[in-house]
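Have a look at the structure below, then the notes.
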Amino acid sequence: MQAHAFVLHLTRARKRRDNAHALKEDCGLPGELWAAVDGTALDAADLAAETGARLFEPAYPFPLKPGEIGCFLSHRQIWAEILRRDLDHALILEDDVTLDPDTFPRAFALATANIGACGYIQLQDRPPQSSPRLIDQSGPCRLTLADIPQLRTSAQLVSRTAARRLLDASETIDRPIDAFLQCHWHTGLRPAAIHPAGIRTIADQLDGSTIQGGRKSLSEKLWREVARFRYRRGLARHARASTAPMPEGLQ
C-alpha cells in the first residue's frame, strides 16, 4: 500500500521549521515538508482568480482572508499530488501541531484500517461537539461520523478517491477549507473523525496563527455572531437533506 506524509509548512514561518521537521520524522510514514501557498504574497488578480461568490448553499457569510485562500490552495496542491503519485492515501499535517507518542500511533493505525471505507478521516485535537455515530474504536481512540464535521484541518488522512472528489468540487472556492469540508451535500464526501488522536495544536507556543484578521468593532462582532448563527442553521438544514453516502457499516 502506497502511503506518504506531507507536512504543510509556510516558508516565512521560521519559528515553525523545527517543529515541521520533527513532525516529518515522528509521524510514522515516509514524508516531506510541503511549501504552503502564502496567501499574503498573492496579488489581487491571483486571489480573485481562485475565488467565487456563493458557489453553493448555504452561502458563506464572511469574506475570505488571503491566508485562508493560501491554506485551501495548499491542501488542493497535496490532493493533486496524491493523484500524481498514485498514492493509496496520504497523511497531511499542518506545521503547528505536535504528536503524542502514546496516542498518535494507535489513532493513526485506526485511521489506516478504515481509510478505504471512509475516504477522509480527521485526526482531531478536540472532542466531538455532538453525539456522532461510532464507526470503530481502538482503546480510547474513537472513529466517529457527525452530521456536521468539526472545523480544523490540523491533521487528516486522505485517500486517493477522496482527493479526486475534493479536487473536482473545489476548482473555485468560496469559503475556508474546513468549512468546505463540512458541506458533504456538495462534495459527496462525509469526513469521519478520530478523537483522541494524539494531536495537539501548539500555534501559540510557536508564532501564533498564520491566518491573520484585523481588529473588529463591536458592531461588526455582533453582525458576525448573527451571520454565524444563520449560517450554522443552514448547515444543519442541508446536512439533514444530504444524499452523500455513508461509510461502509453505517448505511
Side-chain angles (χ1 to χ4, degrees), residues 23 27 58 60 62 68 71-72 75 89-94 96-159 162 165-166 169 175-204 209 211 225 228-251:
L23 289 170
C27 70
Y60 191 69
F62 309 120
E68 291 172 331
C71 181
F72 204 137
H75 282 266
H89 56 261
L91 175 66
I92 305 173
L93 298 168
E94 296 183 348
D96 62 348
V97 301
T98 187
L99 308 179
D100 180 271
D102 296 321
T103 305
F104 177 76
R106 183 187 289 271
F108 180 66
L110 179 62
T112 301
N114 287 276
I115 191 61
C118 295
Y120 188 105
I121 298 175
Q122 299 174 329
L123 297 162
Q124 269 287 353
D125 64 347
R126 297 178 296 179
Q129 295 173 329
S130 59
S131 299
R133 285 159 284 194
L134 180 66
I135 299 174
D136 198 0
Q137 185 167 0
S138 176
C141 304
R142 292 167 54 88
L143 174 65
T144 60
L145 189 76
D147 290 337
I148 301 176
Q150 284 184 269
L151 297 172
R152 291 199 184 175
T153 53
S154 302
Q156 54 268 294
L157 197 64
V158 184
S159 74
R165 183 180 291 275
L166 293 171
R175 64 198 71 201
I177 181 173
D178 50 359
F180 165 80
L181 289 165
Q182 288 184 312
C183 301
H184 44 82
W185 49 94
H186 173 69
T187 65
L189 179 70
R190 297 176 183 263
I194 294 176
H195 185 272
I199 296 287
R200 185 165 59 90
T201 302
I202 57 169
D204 290 346
S209 173
I211 299 177
E225 285 304 311
R228 187 175 288 110
F229 173 75
R230 290 174 176 169
Y231 180 68
R232 287 173 176 166
R233 282 201 310 180
L235 286 179
R237 184 173 65 253
H238 284 276
R240 288 193 297 269
S242 177
T243 59
M246 295 284 189
E248 294 176 18
L250 285 181
Q251 303 295 338

To check you understand the geometry: which heavy-atom pair defines the closest contact between [X] and [Y], and what is its length?
X	Y	value
L181	P149	O-CG, 4.1 Å
G234	P58	C-CG, 3.8 Å
H195	P127	NE2-N, 3.4 Å
P140	P196	O-CD, 3.1 Å
L145	P191	CD1-O, 3.5 Å
A192	I135	CB-CD1, 4.1 Å

Quick check: does any side chain N or O of [X] sit under 3.5 Å from a backbone N or O of [Y], one acting as donor and the other as acceptor?
X	Y	result
H186	A169	yes
D125	R200	no
Q124	I199	no
Q182	I148	no
T187	L189	yes

Can you list, pair by pair, the side-chain donor-acceptor contacts under 3.5 Å of residues 97-110, counting residues two or more places apart and other chains?
residue	atom	partner	partner atom	Å
D100	OD1	D102	N	2.9
D100	OD1	T103	N	2.8
D100	OD1	T103	OG1	3.4
R106	NH1	S138	OG	3.1

Got a second to check how far [X]'s [atom1] is from [Y]'s [atom2], nearest 0.5 Å?
X	Y	atom1	atom2	answer
Y120	H184	OH	NE2	13.5 Å
M246	R190	CE	CZ	4.0 Å
L143	I194	CG	CD1	5.0 Å
N114	S159	CG	OG	12.0 Å
I177	H75	CD1	NE2	4.5 Å
F72	L166	CZ	CG	8.0 Å

- Query: Can you find a heavy atom in the side chain of R175 that is under 4.5 Å from one in the side chain of C183?
  - Reply: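 When only atoms from C-beta onward are counted, C183 and R175 do touch, with a gap below 4.5 Å.
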- Item | Pairwise side-chain contact, E94 with C71, heavy-atom cut-off 4.5 Å (strictly under) |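 Yes, side chains in contact.
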- Test C141 against D136 for side-chain contact (heavy atoms from CB on, under 4.5 Å), laying out the working first. CA-CA 9 Å; C141 304; D136 198 0; over 6 Å; no
- Begin with the C-alpha distance, continue with both residues' side-chain angles, and end with the deciding distance and a verdict on side-chain contact (heavy atoms from CB on, under 4.5 Å) for T112 and H89. CA-CA 9 Å; T112 301; H89 56 261; 4.2 Å; yes
- Query: Would the number of heavy atoms belonging to other residues, nucleotides or ligands and lying under 6.0 Å from CZ of R228 be above 12?
  - Reply: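 Counting other residues, nucleotides and ligands, CZ of R228 exceeds 12 neighbours.
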- Message: Taking CZ in F229 as the centre, count heavy atoms belonging to other residues, nucleotides or ligands within less than 6.0 Å. Is the count above 12?
- Response: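 Incorrect, the count does not exceed 12.
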- Message: Less than 4.0 angstrom from a charged side-chain N to a carboxylate O is my criterion; do R133 and D147 meet it?
- Response: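 So R133 pairs with D147 through a salt bridge.
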- Item | Worked verdict on I115 versus I121 for side-chain contact (heavy atoms from CB on, under 4.5 Å) | CA-CA 7 Å; I115 191 61; I121 298 175; 4.1 Å; yes
- Return the orientation label for the Y60 and Y231 ring planes: parallel under 30°, perpendicular over 60°, tilted otherwise.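 Perpendicular: the ring planes of Y60 and Y231 meet at over 60°.
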- Give the intermediate values and the outcome of side-chain contact (heavy atoms from CB on, under 4.5 Å) for residues Q150 and Q129. CA-CA 8 Å; Q150 284 184 269; Q129 295 173 329; 3.7 Å; yes
